[in-house]
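To start, the structure itself, in structure tokens.
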Amino acid sequence: MLIPQLKESLQNVMKIASLNLAHNTAIDNGIKSSDASVQRFDKSLEEFYALCDQLELCLRLAYECLSQSIDSAKHSPNLVPTATKPDTVQTESMSYAQYLGMIKSQISCAKDIHNALLECSKKIAGKAQPQGIM
């Protein structure tokens, strides 16, 4: 949705730059005086940069969503069959026992990370105490 606006803004920047350049050239050659008002180049350039920033944020968000989707597919690649439609066969699904095993391993991994963070925080807290008081 931003691409057409960005294209229009770039065209506007180029048009204003061209008009300003032509105006300044005419003033330098003594053909015109500086009384005529011209559009401000900095405002149009600022609008263009604002659209570029919005587009960059959208692209970063899309990249993060894609990364999360890939990680999700990697860590839980198969679906558990549902009981709502027993007549449909899901070839890429895992059994409930496999699903429970995967969940237990994920819980175990989360507990290991939690314990490692607790140990680290205790070590940091222990180093922060003065040496004379224990």
Side-chain angles (χ1 to χ4, degrees):
M1 292 182 350
L2 290 175
I3 298 296
Q5 291 176 1
L6 187 67
K7 183 179 176 184
E8 183 180 324
S9 178
L10 180 61
Q11 288 173 345
N12 189 34
V13 166
M14 293 299 163
K15 181 180 86 170
I16 291 173
S18 171
L19 291 174
N20 284 347
L21 185 63
H23 179 75
N24 289 340
T25 302
I27 290 174
D28 289 344
N29 291 335
I31 299 171
K32 288 185 179 179
S33 67
S34 63
D35 295 340
S37 64
V38 290
Q39 291 180 327
R40 293 195 47 180
F41 177 73
D42 57 343
K43 297 244 185 218
S44 62
L45 190 62
E46 188 65 34
E47 178 187 332
F48 175 73
Y49 281 144
L51 286 169
C52 286
D53 290 343
Q54 287 178 4
L55 186 62
E56 181 183 8
L57 288 174
C58 288
L59 289 173
R60 286 183 187 201
L61 179 63
Y63 179 76
E64 285 295 320
C65 289
L66 179 65
S67 296
Q68 285 184 354
S69 176
I70 289 170
D71 288 343
S72 177
K74 183 171 72 172
H75 295 294
S76 180
N78 300 322
L79 302 173
V80 177
T82 59
T84 57
K85 295 182 181 179
D87 57 337
T88 60
V89 178
Q90 296 173 343
T91 58
E92 295 182 10
S93 63
M94 62 173 62
S95 69
Y96 188 70
Q98 291 173 327
Y99 177 73
L100 282 178
M102 182 185 66
I103 295 299
K104 286 179 182 177
S105 70
Q106 289 178 348
I107 290 172
S108 173
C109 182
K111 283 182 181 178
D112 290 344
I113 292 171
H114 180 263
N115 291 337
L117 289 173
L118 279 177
E119 270 183 49
C120 193
S121 67
K122 286 178 184 177
K123 286 180 183 178
I124 291 172
K127 288 182 180 180
Q129 292 178 352
Q131 297 293 335
I133 302 172
M134 288 210 171

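Atom set for the values below is all heavy atoms of this structure, side chains included, hydrogens, waters and symmetry mates excluded.
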Identify the heavy atoms of L21 and T25 that sit nearest to each other, and give their distance. O-OG1, 2.7 Å

Starting from Y49, can I reach L2 by hopping between I/L/V/M/F/W/Y residues whose side chains sit under 4.5 Å apart? yes

Can you tell me if CD on Q106 sees more than 12 non-hydrogen neighbours from other groups inside 6.0 Å? yes

Roughly how far apart are I113 CD1 and C109 SG, rounded to 0.5 Å? 4.0 Å

Show, in sequence, the C-alpha distance, side-chain angles and deciding distance for L55 and I3, and conclude whether the side-chain contact (heavy atoms from CB on, under 4.5 Å) test is met. CA-CA 8 Å; L55 186 62; I3 298 296; 3.8 Å; yes

Contact summary for V13 and S44, nearest pair of heavy atoms: CG2-O, 3.3 Å

Does L100 belong to the same Ile/Leu/Val/Met/Phe/Trp/Tyr cluster as I107, with side-chain heavy atoms less than 4.5 Å apart forming each link? yes

How many angstroms lie between atom CD of E119 and atom NZ of K122, to the nearest 0.5 angstrom? 8.0 Å

Hydrophobic cluster identity match, F48 and L59, side-chain contacts under 4.5 Å: yes

Nearest 0.5 Å please: distance from the OG atom of S69 over to the CD atom of E64. 12.5 Å

Side-chain heavy atoms under 4.5 angstrom apart, residues restricted to Ile, Leu, Val, Met, Phe, Trp, Tyr: same cluster for L10 and F41? yes

For the backbone of K104 and the side chain of S108, can you confirm whether one donor and one acceptor N or O come within less than 3.5 Å of each other? no

Rounded to the nearest 0.5 Å, how far does CG of L66 lie from CG of L61? 11.5 Å

Is it true that atom CD of E8 has more than 12 heavy atoms of other residues, nucleotides or ligands lying nearer than 6.0 Å? no

E56 vs R60, salt bridge (charged side-chain N to carboxylate O under 4.0 Å, His left out): CA-CA, chis, key distance, verdict: CA-CA 6 Å; E56 181 183 8; R60 286 183 187 201; 2.7 Å; yes

Output the distance between atom CD1 (I16) and atom CD (Q11), rounded to the nearest 0.5 Å. 12.0 Å

Has S18 got a side-chain atom pairing as donor or acceptor with M14's backbone, closer than 3.5 angstrom? no

Going through the checks in order, is the side-chain contact (heavy atoms from CB on, under 4.5 Å) test met by L57 and Q54? CA-CA 5 Å; L57 288 174; Q54 287 178 4; 5.7 Å; no

Looking at R40, is its backbone amide N or carbonyl O close enough to the side chain of N20 to form a donor-acceptor pair, meaning the two atoms are under 3.5 Å apart? no

Quick check for you: to the nearest 0.5 Å, what is the distance between Q98 atom CD and I103 atom CD1? 12.5 Å

